[in-house]
There are 2 protein chains.
Amino acid sequence: MFIMMQDYDINQFKNPLFTVDSVLFTVIDSVLNVLMVKRLIEPFAGRWGLPGGFVDVDKDDNTDMTARRKLTEKTGLSPRYLEQLQVFSGINRDPRGFSVTSAYYALVAHQAVETRIETVEQASWISVNELPNLAVAFDHKHIIDIAHKRLQQKALYSMVPIYCCPDHFTVGQLKDVIETIIEKEIQRKSLMRRIESSDMFEFVDQKVQSGGRSAQLYRVKKDVSMANFERNLSV
Amino acid sequence: MFIMMQDYDINQFKNPLFTVDSVLFTVIDSVLNVLMVKRLIEPFAGRWGLPGGFVDVDKDDNTDMTARRKLTEKTGLSPRYLEQLQVFSGINRDPRGFSVTSAYYALVAHQAVETRIETVEQASWISVNELPNLAVAFDHKHIIDIAHKRLQQKALYSMVPIYCCPDHFTVGQLKDVIETIIEKEIQRKSLMRRIESSDMFEFVDQKVQSGGRSAQLYRVKKDVSMANFERNLSV
DNA sequence: AACATTTAATGTCGTATAGACACTATAAGT
DNA sequence: ACTTATAGTGTCTATACGACATTAAATGTT
């Protein structure tokens, strides 16, 4: 019996606690928000945590699917953009022992999902500005911070922020999303040049009013890949 | 007893096989090489694999230390540069079941370590050009490919390739290392400008002969951080 | 209807940095 | 002294972003 326990422990030793967690971002009214879930179980029951959990080898072909499944389970939505962030690991980040989380970050347009979010009671958008004063589980505050910095960097040389825009969007909307993410104003002209040169977008035959001259609507072309630029926008 | 087995299985289900593997690069005679280890145990015994293995929670504070420890164990060296690549996971990449590897990539100057490498019989530098014809374990060929692409990208906007140079190096050496990594020639002038503006380097009061005019030796200043540039070199 | 106000979109010029390549500098060999 | 090879600089061009003026098109006001 004691030897069985030892075998068991050896197996545990080779396999740290492994989870997948996602930082799902969206921009609402020029504020960057993160989807968080009120934890119902220990450890850290009652605190806010990132949507995530264990891999289910019967359902998940890989950890990307774990991330997507957990986001869908807990929020009813599948993000338009999902990418690995990095692994966070250590002996102190989970009271149960050495743990590893493969963290992802993801983007959605809040317009497409906000009604569905509200029906899932334990999930909620949290402004990143409120995070410092919030009781958060594990090292999830740190993970969000790293994810935010990565997203900021990515926004300087790619068009990824479009995934925070609805299907049809104006240049003004995209500009606002980018400025919210990088926390700095950009030149509309620079954005127009990138929209043009990326060749990712096409006009929607429709305009939308905005308090002044109507704005042209754009959408992402079918089957285009994400544009990356050779230069960063200035910081 | 049966219930105990079920509990055990549930625990297994929650914890996929987790390993840490590293792609250690170096440049030798204008060829990019990867450190590989001849596997002595199943699965894939006899094939070449990346240096790596299981986390040891008694020795490792986190997976970074696992990566370093495994590199040191199997090669006798600690890399000057080590960074997370990404997680590779899936049901098919290991015959034992769903597995996850947290992959790292690392750089060393081969000059500092080549004698030590040769004393460790199972470890060897493999040219990336020979990889397609080599019997490689798991999805390690794919991991090396992704690591190479990431390194190429990084070489376009940062000075990381210096970690493939010895402590004292010339502009010509650094230029060769960069060109080997990105597989394209660059302008010496552009590199000089970056060396200057990065403010990372200082002269060594010494020159080195090279078949023509002697070359100035440089070294990295004490306690400087890695320079990143706002533009990529052209591809 | 003329005008002010607001936001959208474009035009134009300045600036920073990479690419190209000629030119100079310094070493070794003949 | 001349050739060759490699190191290093000078200078011009090209590109894309920043800044900001200008034009366009919508609404509201007198």
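Here is how names work: the chains are called A, B, and so on, in the same order as the sequence lines, proteins then strands, and each is numbered from 1.
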Enquirer: Check this for me: does any side-chain nitrogen of one of D199(B) and K221(B) sit under 4.0 Å from a carboxylate oxygen of the other?
Expert: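 Counted as a salt bridge, because a side-chain N and a carboxylate O are separated by less than 4.0 Å.
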Enquirer: For dA18(C) and S234(B) - does any side-chain N or O of the residue sit under 4.0 Å from the phosphate oxygens OP1/OP2?
Expert: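 Checking S234(B) against dA18(C): no side-chain N or O falls below 4.0 Å of OP1 or OP2.
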Enquirer: Do D176(B) and S30(B) get their side chains close enough for a donor-acceptor pair, meaning under 3.5 Å?
Expert: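 S30(B) and D176(B) do have a side-chain donor-acceptor pair below 3.5 Å.
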Enquirer: If each of K207(B) and F229(B) is mapped to the nucleotide of DNA chain C with the nearest heavy atom, which maps nearer the 5' terminus, i.e. the 5' end?
Expert: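 Residue closer to the 5' terminus by nearest nucleotide: F229(B).
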Enquirer: Base, sugar-phosphate, or nothing: which does E230(B) touch, judged by heavy atoms less than 4.0 Å apart?
Expert: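 Since no nucleic acid heavy atom lies under 4.0 Å of E230(B), the category is nothing.
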Enquirer: Between K149(B) and D145(B), is there a side-chain N and carboxylate O pair less than 4.0 Å apart?
Expert: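 Answer for the salt bridge query: yes.
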Enquirer: Would you say a side-chain N or O of R194(A) is under 4.0 Å from OP1 or OP2 of dC17(D)?
Expert: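 So the side chain of R194(A) is within the cut-off, an N or O lying under 4.0 Å from OP1 or OP2 of dC17(D).
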Enquirer: Which nucleotide, dA8(C), dT6(D), dA18(C), lies nearest any side-chain atom of S210(A)?
Expert: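 Nearest to the side-chain atoms of S210(A), counting from C-beta on, is dA8(C).
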Enquirer: Taking only side-chain N and O atoms of S214(A), does any of them lie within less than 4.0 angstrom of OP1 or OP2 on dA25(D)?
Expert: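 S214(A) to dA25(D) OP1/OP2: no side-chain N or O under 4.0 Å.
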Enquirer: Rounding to a whole Å, what distance do you find between R188(B):CZ and dA5(D):P?
Expert: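 Answer to the nearest Å: 16 Å.
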Enquirer: Identify all pairs in which a protein N or O lies below 3.5 Å from an N or O of nucleotides 11-13 of chain D, and state each distance.
Expert:
none

Enquirer: Answer yes or no: is there an ion pair linking K70(B) with E73(B), defined by an N-O contact shorter than 4.0 Å?
Expert: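 Yes, this pair counts.
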Enquirer: Are OP1 or OP2 of dA20(C) and a side-chain N or O of Q187(B) less than 4.0 angstrom apart?
Expert: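 Checking dA20(C) against Q187(B), a side-chain N or O does come within under 4.0 Å of OP1 or OP2.
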Enquirer: What contact category does L233(B) fall into here, base, sugar-phosphate, or nothing, at under 4.0 angstrom with non-hydrogen atoms?
Expert: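 L233(B): backbone/sugar contact only, no base atoms under 4.0 Å.
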